[in-house]
Amino acid sequence: FSLSFSSLSPRCPPNTWQGLAPCLPEQGQVNTSGPRLSLATLHPASSSSAAMDRIFSALLLSLLLLLQSYGVCGAPPQPRGTLCRTKPTDLVFVIDSSRSVRPHEFEKVKVFMSRVIEGLDVGPNSTRVGVINYASAVKNEFSLKTHQTKAGLLQAVQKIEPLSTGTMTGLAIQFAISRVFNDSEGARVRSPNFNKVAIVVTDGRPQDGVQDVSARARAAGIEVFAIGVGRVDMHTLRQIASQPLDEHVDYVESYSVIEKLTHKFQEAFCVVSDLCATGDHDCEQICISTPGAYKCACKEGFTLNKDGKTCSACSGGSGSALDLVFLIDGSKSVRPENFELVKKFINQIVDSLEVSEKQAQVGLVQYSSSVRQEFPLGQFKNKKDIKAAVKKMAYMEKGTMTGQALKYLIDNSFSVINGARPGVPKVGIVFTDGRSQDYITDAAKKAKDLGFRMFAVGVGNAVEDELREIASEPVAEHYFYTADFRTISKIGKKLQMKICIEEDPCECKSIVNFQTKVEDLINSLQQ
């Protein structure tokens, strides 16, 4: 590839690199850091199966556990502690603002940076943040020592303007090593107490080499995350990122959804001060915090098992009745291979249910530009028949009429003529991967007003506001979104038992058994 720099200024302006090596300053001392962060990541095609298993397993676990109460003999859970804090980090964003990044897309990148910063503990003794803006030139927008407050950082990010020229990614990474991660620019002396992290965001193929310079960055103790957008060269991302690659390479289809990665980076920078508070524990019912650790306990009427995590209910009871309908997006954006995965995940959920005329009934509806009932509640009396019907479901592959599908759920799926049982809890799971092409507000409100418990699951380009409209209250317990399926395994652990149909908590044994099955499923999928 040949690139001419004849139109560039022969001299490097302050805070800017242009062209090649002659403009580079002498390399200063690079400060390396301590433990590597752990970050779940998103890939266009990898790990989808295991991830979708976990999102559906966690979702169904939550909806059934939300049907269980403490009962008359139940004890309240232990008080939860404080939320986690972020470990002191020298964090540098390396942001591509080449001409392929449109102005409104660059604004999305600024929102992403701002959201990550909002989740940090910012200060001279906490986390310091710098931003490098690059195209054909590299501009140091602000260094690690420039802003020592969160407010100052957020204001500075808003003032950044795109450079709109070429894509010199290697040059930008070298600038980060030699200039930004330098003690003269606010980088701290190497210590196990600090992390040094670079987040590189790019949407194209670089016009220079990145492999060698990225290796130097990693050798200097800088943990490098690579975020690719759109038509980015995935091979380049893998050359840039630290190992393991599946924890350091992220991909999003467009800048409109890059903000969805915010939560993952906030988790990556999190140091857990209370494992119970953050839900990062294995306790089935009650988590009790201890200094640097936790222990599990059970509610009254339950006994802690030998594994020290799960609980067993009293013997007896036949479990809870439930009318469950899946409302599945079959639009063309899902793609045939992913639709097959969705079918597989539905069947894995069915495997974990107690299906019978007196317990769980399952219905399935697919929608795209129109709505099609695959099978109604009660048509199949056992898991084998339900699973066979799911496997036969044909992919519709058209538009995304989520509002029309919700109306069908209200008018048809939960009607007595279609197998719904009077007095039995009605639960709807809406799964979508994109924006609805029709109006959903009225139908979403009516479903909840009728007493249906509605769960909304969004993946990829799903619109957060629409998912929240669909979800029942409290939204936090009925709304699921993932840009990276690997993070979903934590959902089940963060949900608590709520309402049980029977007044006697010992009648809920089947639900407790179900939870154990799902935990085992999640563990096996992680393996």
Side-chain angles (χ1 to χ4, degrees), residues 44-45 48-49 51-52 55-56 59-60 252-254 256-257 260 324-350 362-377 379-380 386-415 418-419 426-447 452 454-471 479-483 485:
S48 295
S49 178
M52 290 293 287
I55 186 170
F56 276 102
L59 174 64
L60 189 59
V252 290
E253 293 183 354
S254 68
S256 64
V257 295
K260 305 294 187 180
L324 170 64
V325 175
F326 291 95
L327 200 61
I328 303 300
D329 180 353
S331 59
K332 59 185 176 183
S333 60
V334 175
R335 296 184 296 184
E337 62 272 22
N338 290 333
F339 190 71
E340 290 303 311
L341 293 177
V342 173
K343 290 156 66 173
K344 175 184 174 184
F345 311 139
I346 293 172
N347 279 343
Q348 287 184 325
I349 293 173
V350 172
V362 178
L364 177 61
V365 175
Q366 183 186 172
Y367 72 94
S368 58
S369 297
S370 59
V371 182
R372 182 173 73 204
Q373 179 171 261
E374 302 294 343
F375 55 84
L377 289 164
Q379 177 174 332
F380 302 111
I386 293 174
K387 292 168 64 178
V390 172
K391 288 180 180 178
K392 293 178 181 177
M393 177 172 56
Y395 179 32
M396 296 177 74
E397 199 172 0
K398 293 184 181 178
T400 310
M401 302 295 285
T402 309
Q404 185 179 342
L406 287 167
K407 189 174 186 303
Y408 184 92
L409 186 80
I410 296 166
D411 296 339
N412 298 278
S413 297
F414 285 133
S415 64
N418 277 299
K426 308 293 188 294
V427 178
I429 301 177
V430 181
F431 172 83
T432 183
D433 80 331
R435 180 183 296 276
S436 176
Q437 295 173 332
D438 62 351
Y439 187 64
I440 70 165
T441 300
D442 291 344
K445 181 178 184 300
K446 186 174 181 180
F452 304 156
M454 300 299 296
F455 289 82
V457 182
V459 179
N461 292 326
V463 179
E464 183 174 356
D465 290 344
E466 291 185 355
L467 297 173
R468 291 182 176 276
E469 272 196 278
I470 293 169
Y479 155 71
F480 298 81
Y481 173 82
T482 180
F485 293 133

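Each of L364, I328, V390 was evaluated against K343; a single residue qualifies, V390, per the side-chain contact (heavy atoms from CB on, under 4.5 Å) test.
For E397, there are no side-chain hydrogen bond (donor to acceptor under 3.5 Å, both in side chains) partners, not counting sequence neighbours. The side chain to side chain contact (heavy atoms under 4.5 Å, CB included) test applied to M396 returns Q366, S368, S370, R372, not counting sequence neighbours. Residues passing the side chain to side chain contact (heavy atoms under 4.5 Å, CB included) test with S369 are K398, sequence neighbours excluded. By the side-chain hydrogen bond (donor to acceptor under 3.5 Å, both in side chains) test, N412 pairs with no residue at all, sequence neighbours left out. For Y395, the ring-ring contact (aromatic ring centres under 6.0 Å, His included) criterion is met by F339, not counting sequence neighbours. By the side chain to side chain contact (heavy atoms under 4.5 Å, CB included) test, E253 pairs with Y251, N461, sequence neighbours left out. Partners of F414 according to the ring-ring contact (aromatic ring centres under 6.0 Å, His included) rule, which considers only residues two or more places apart in sequence or in another chain, are F452. Shown here are the side chain to side chain contact (heavy atoms under 4.5 Å, CB included) partners of D442, two or more places apart in sequence or in another chain: Y439. Remark: E464 engages K260, R468 in a salt bridge (Lys or Arg N to Asp or Glu O under 4.0 Å) (not counting sequence neighbours). For S413, the side-chain hydrogen bond (donor to acceptor under 3.5 Å, both in side chains) test picks out no residue, with sequence neighbours left out. Considering only residues two or more places apart in sequence or on other chains, K426 meets the side-chain hydrogen bond (donor to acceptor under 3.5 Å, both in side chains) condition with none of them.
Residues S436 and E466 come closest through the heavy atom pair N-OE1, 3.0 Å. The two residues T400 and G434 make their nearest non-hydrogen contact at CG2-O, 4.5 Å. Heavy-atom minimum distance, R435 versus V463: CB-CG2, 3.5 Å.
Using a 4.5 Å heavy-atom threshold, the side chains of I470 and Y479 count as separate. Contact check for N418 versus Q373: side-chain heavy atoms found under the 4.5 Å cut-off. Under the 4.5 Å side-chain criterion, counting only non-hydrogen atoms from C-beta, T432 is not in contact with L327. Contact check for E469 versus T441: side-chain heavy atoms found under the 4.5 Å cut-off.
A distance of 8.5 Å separates CD in E340 from CE in M393, rounded to the nearest 0.5 Å. Summarising the geometry, atom CZ belonging to F431 is positioned 10.5 Å from atom CG belonging to L467; distances are rounded to the nearest 0.5 Å.
Using modelled atom types, no side-chain atom of K446 and backbone atom of I410 make a donor-acceptor pair closer than 3.5 Å.
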| query | Stepwise, does the side chain to side chain contact (heavy atoms under 4.5 Å, CB included) test hold for F380 with V362? | reply | CA-CA 8 Å; F380 302 111; V362 178; over 6 Å; no
Could you go through residues 402-409 and list every donor-acceptor pair under 3.5 Å that involves a side-chain atom there, pairing it with any protein atom two or more places apart or in another chain?
{"from": "T402", "atom 1": "OG1", "to": "Y367", "atom 2": "OH", "distance (Å)": "3.2"}
{"from": "K407", "atom 1": "NZ", "to": "D411", "atom 2": "OD2", "distance (Å)": "2.8"}

